[in-house]
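Below, each value reflects all heavy atoms present in this structure, side chains not excepted, and no hydrogens, waters or symmetry copies. In each ligand, atom 1 is the first atom listed, and ligand 1 is the first ligand listed.
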Amino acid sequence: FTPYLHLFQDFWCPTDYVHGVNKFQKHFDAKDNDVFVASFPKSGTTWLKALTFVIANHQRFSSFDNHPLLSSNPHELVPFPEFMYSYDLHDQILSLSNMSDPRLLSTHLPFPSLPESITKSNCKIIYIRRNPFDTFVSAWEFFTKIKSVSLPEFTLEEAFEKYCNGITMFGPWWSHMLGYWNESKTRPNKVLFLRYEDLKEDTVFHVKRIAEFLDSPIIQRGESSTVIENIIKLCGFEKMKDLEVNKSGSIFDVVEKKTFFRKGEIGDWINYFSPSMIEKLSKIIEEKLGGSGLSFKVHS
Ligand code: A3P
């Protein structure tokens with residue numbers, strides 16, 4: 001369920017990535033117009049990357065018929081620099097400086113561990129969170145399918161214990177959420193804080209919020225609702241899952257692209273949780289996040 005983890009700067013970092021995170025923090029130079037998609041793993045990152053890419057590039061790629069999203073996976077279009085540094089992908093690191101503006105990048109790092117150039121510059125961050133029940137199940141299904149990395153073997157129950165103790169990649173999940181949540185309250189122009197469940201239930205409204213946050217011409221020009229609908233269709237779960245480019249191949253030779261598209265539902269956790277697991281996770285949510293103003297939608 002989790003690779004070997006190391007408690008580093010108050011979060012659980014895969015041991016293999018510690019040097020890469022250090023290099024990212026030391027060498028990455030953010031630009032004021034960069035946009036970062038940030039998330040705790042399995043919270044809807046892939047979907048948010050797709051939407052952000054289409055919205056931010058609307059002027060460059062206005063045709064939906066031969067859009068880059070039809071021939072590239074969202075993780076290729078909006079890459080994670082921390083993994084480039086971790087896998088020593090020098091060509092990709094160098095190519096970061098040639099990406100066209102605005103650069104769209106992503107991160108799973110907790111807010112306090114972001115490179116200073118990200119927190120101090122005017123670049124923007126869009127954070128997506130998801131209810132901890134579905135996030136756990138999504139992670140369980142995802143990590144048990146990654147065969148190529150040396151993952152210790154856990155039962156669902158053992159993985160759940162670790163999750164409840166915050167011991168998962170980039171965890172604890174509660175401090176991950178809180179870090180970005182607090183920042184979004186003090187700097188709303190810097191961090192837009194979204195919920196996966198809201199995005200699913202009123203996609204039009206949230207696509208407009210993303211567009212507004214990015215000062216996109218879609219909003220400035222008051223684009224017709226057809227454009228917004230086309231964006232939503234292009235990034236929709238079934239559409240993305242069915243694309244040839246998302247059915248084969250892998251990212252960093254580690255994760256098969258198809259594993260990023262499983263069910264895309266709210267509430268699948270009900271098929272995995274026992275009554276005692278429900279009680280335990282509900283208590284932890286109350287204990288760690290009660291009074292924070294964060295609430296969770298766990299059923300569709
Ligand atoms: P499930 O495993 O519950 O199906 P991440 O992108 O952060 O790794 O999160 C993966 C989760 O987002 C998976 O959830 C996946 O199916 C879902 N997902 C991927 N693309 C999606 C889309 N276009 N719309 C809605 N959900 C999507």
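Salt bridge status for Glu141 with Lys145: present, with a side-chain N to carboxylate O gap under 4.0 Å. The pair Lys31-Asp101 meets the salt-bridge criterion, with a side-chain N (NZ, NE, NH1 or NH2) lying under 4.0 Å from an Asp/Glu carboxylate O. Ion pairing between Lys283 and Glu279 holds under the 4.0 Å rule for side-chain N and carboxylate O.
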task = Given ring pair (Phe, Tyr, Trp, His ring centres under 6.0 Å), test Tyr87 with Tyr17 step by step and report yes or no.
result = CA-CA 8 Å; Tyr87 293 114; Tyr17 297 165; 5.7 Å; yes

message = Pair Lys23, Phe28 - check side chain to side chain contact (heavy atoms under 4.5 Å, CB included), show working.
response = CA-CA 8 Å; Lys23 282 196 217 156; Phe28 182 76; over 6 Å; no

Stepwise salt bridge (Lys or Arg N to Asp or Glu O under 4.0 Å) check, Glu161 with Lys280 = CA-CA 10 Å; Glu161 272 311 300; Lys280 182 160 181 169; 3.0 Å; yes

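For Pro41, no nitrogen or oxygen atom sits less than 3.5 Å from a nitrogen or oxygen atom of ligand 1, counting backbone and side chain alike. Polar contact with ligand 1: absent for His75 (N/O pair, distance under 3.5 Å). Considering backbone and side-chain atoms alike, Glu265 places every N or O at 3.5 Å or more from each N or O of ligand 1. Residue Lys200 has no N or O atom closer than 3.5 Å to an N or O atom of ligand 1.
Ranking protein heavy atoms by distance to atom 13 (C) of ligand 1, first place goes to Ser138 OG, 3.6 Å. Atom 22 (C) of ligand 1 has Trp47 CG, 3.4 Å as its closest protein atom, hydrogens excluded (heavy atom only). Nearest non-hydrogen protein atom to atom 16 (O) of ligand 1 is Arg262 N, 2.9 Å. The single protein non-hydrogen atom nearest to atom 27 (C) of ligand 1 is Phe237 CD1, 3.7 Å, given as residue, atom name and distance. Residue, atom and distance of the protein heavy atom nearest to atom 23 (N) of ligand 1 are Cys235 O, 2.9 Å. Considering only non-hydrogen protein atoms, atom 19 (C) of ligand 1 sits nearest to Phe260 O, 3.2 Å. Of the protein's non-hydrogen atoms, Arg130 NH1, 3.2 Å is the one closest to atom 14 (O) of ligand 1. Of the protein's non-hydrogen atoms, Thr45 OG1, 2.5 Å is the one closest to atom 7 (O) of ligand 1.
Ligand-side atoms of ligand 1 in range of Tyr196: 17 (C), 25 (C), 26 (N), 27 (C), range being under 4.0 angstrom from any heavy atom. Near Gly264, meaning under 4.0 Å from one of its heavy atoms, ligand 1 places the atoms 1 (P), 4 (O), 16 (O), 26 (N). Of all atoms in ligand 1, listed by their number and element, those nearer than 4.0 Å to a heavy atom of Phe261 are 16 (O), 19 (C), 20 (N).
Taking a 4.0 Å cut-off on heavy atoms, Ser39 fails to register as neighbouring ligand 1. Proximity of Lys42 to ligand 1 is established by a heavy-atom distance of less than 4.0 Å.
A parallel orientation is assigned to the rings of His75 and Phe80, their planes being inclined by less than 30° (bins at 30° and 60°).
The ring pair (Phe, Tyr, Trp, His ring centres under 6.0 Å) with Tyr180 is formed by just one residue from the set Phe40, Phe111, Phe36; it is Phe111.
Proximity of Ser43 to ligand 1, defined as any heavy-atom pair under 4.0 Å, is confined to the backbone N, CA, C and O atoms.
Between the side chains of Lys49 and Ser106, at least one donor N or O lies within less than 3.5 Å of an accepting N or O.
Cation-pi contact between Lys42 and Phe142: present, with separation from the ring centre below 6.0 Å and deviation from the ring axis of at most 45°.
The CD atom of Glu76 sits 9.5 Å away from the CD atom of Gln92 when rounded to the nearest 0.5 Å.
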